[in-house]
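One structure is given here, and the rest of the page talks about it.
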Amino acid sequence: MITLPYLLSASQLLGEEFYSHQAIEVARGCLGKILVHGETAGRIVETEAYLGVDDLAAHSSRGITPRTKVIFGPPGHAYVYFIYGMHECLNFVCEPEGQAGCVLIRALEPLAGLDVMYSRRGSIRKPEGLASGPGKLTQAMGITRRLNGSSRITGPMTVRRLDDEPPIDIKPTPRIGITKNTDWPLRFVIARSRFVSK
């Protein structure tokens, strides 16, 4: 079993420069990176890019509102929102400040703190079911709207690159669970990962 101290010692924190690029580039770049919050950590295996005001599936297509203003802010911050009256969803703000773009983190491969994840996820008994969806991963990792607007660099939730990061095969597909721009191939998964959403 991998421990959190080992992951921290074998990885480097990603800085603001990583998030300052276009949403598609960041969505692809997030795959294989390690999301850390509290006692838990997981390898990102599935993302979706949302492209800003011209992407009708993106919250930012409505312009700047109290809900979306964080998306137009500095890159490297969290956009966490509530959906269907039951799930929190985690996004990373990207693009230069003033330009809207974000990446939805859809699924993780649990790496550390699995006992904590199991306790939060209730009846789940297999690691493949712990974080195989945006609502599942936030529940497993204790991520809530209290983290909305927090920094990925200085905040309590960080993203890291392994010093010995293995190569991955990225597979693009259309995004899931949306009603607009449904054919845009902006969902990215690590091919053959058993931890992606179903």
Are I176 and R106 close enough that some pair of their side-chain heavy atoms sits under 4.5 Å apart? yes
Option among H87, R120, R121 that satisfies the side chain to side chain donor-acceptor pair (under 3.5 Å) test with Q139: R121
Taking the side chain as C-beta and beyond, is there a heavy-atom pair between F188 and I24 under 4.5 Å? yes
Contact check, side chains of Y50 and S61, non-hydrogen atoms, under 4.5 Å: no
Joint cluster assignment, Y118 & V116, ILVMFWY side-chain distance < 4.5 Å: no
Could you pull out all residues at least two apart from Q22 that satisfy side chain to side chain donor-acceptor pair (under 3.5 Å)? none
Do the non-hydrogen side-chain atoms of Y19 and V103 ever get within less than 4.5 Å of each other? no
If I take atom CG from residue L56 and atom CG from residue L51, how far apart are they, to the nearest 0.5 angstrom? 11.0 Å
Can you see which heavy atom on C94 is nearest to which on A23, and at what distance? SG-CA, 3.5 Å
Transitive ILVMFWY side-chain link F82 to M141, under 4.5 Å: no
Between I143 and L35, is there a side-chain heavy-atom distance shorter than 4.5 Å? yes
Any idea which heavy atoms bring G129 and S132 closest together, and the distance? CA-OG, 3.8 Å
Distance-minimising heavy-atom pair for Y79 and H59: OH-ND1, 2.6 Å
Side chain proximity check, L186 to E48, heavy atoms < 4.5 angstrom: no
For the pair E88 (side chain) and T144 (backbone), establish whether a donor and an acceptor sit closer than 3.5 Å, ignoring hydrogens and angles. no
Taking atom CG of L108 and atom CD1 of I44, what is their separation to the nearest 0.5 Å? 6.0 Å
Show the nearest heavy-atom pair for residues V93 and I71, with the distance to one decimal. CG1-O, 3.5 Å
Would you find more than 12 non-hydrogen atoms of other residues, nucleotides or ligands less than 6.0 Å from K198 atom NZ? yes
Using a 4.5 Å cut-off on heavy atoms from C-beta on, say whether the side chain of R152 contacts that of F18. no
Residue pairs involving residues 165-177 (criterion salt bridge (charged side-chain N to carboxylate O under 4.0 Å, His left out); sequence neighbours excluded): K33-E165, D55-R175, D169-R192
Could you tell me whether a side-chain N or O of T182 sits under 3.5 Å from a main-chain N or O of T179, the two making a donor and an acceptor? no
Donor-acceptor pair between S197 and E46 side chains, under 3.5 angstrom: yes
Tell me, with the steps shown, if L130 and K136 meet side chain to side chain contact (heavy atoms under 4.5 Å, CB included). CA-CA 6 Å; L130 285 175; K136 296 176 182 179; over 6 Å; no
Taking P134's backbone N and O only, do any of them form a donor-acceptor pair with T138's side chain (distance below 3.5 Å, no angle check)? yes
With hydrophobic residues grouped by side-chain heavy-atom distances under 4.5 Å, do V70 and I83 end up in a single group? yes
Residue Y6 excluded, over 12 heavy atoms near OH under 6.0 Å: no
Distance from R146 atom CZ to N148 atom CG, nearest 0.5 Å? 12.5 Å
Side chain to side chain donor-acceptor pair (under 3.5 Å) partners for R161, two or more places apart: none
Heavy atoms of F195 and A107 approach each other most closely as O-CB, 3.5 Å
Once rounded to the nearest 0.5 Å, what's the spacing between atom CG of L111 and atom CG of L162? 8.0 Å
Spacing of L104 atom CG and F92 atom CZ [to the nearest 0.5 Å]: 10.0 Å
Do C30 and V159 make a side-chain contact, defined as non-hydrogen atoms from C-beta onward lying under 4.5 Å apart? no
Which heavy atom of T68 sits nearest a heavy atom of G63, and at what distance? OG1-O, 2.7 Å
R160 side chain to L8 backbone, donor-acceptor under 3.5 Å: yes
Look up atom CZ in R145 and atom SG in C89, then write down how far apart they are to the nearest 0.5 Å. 10.5 Å
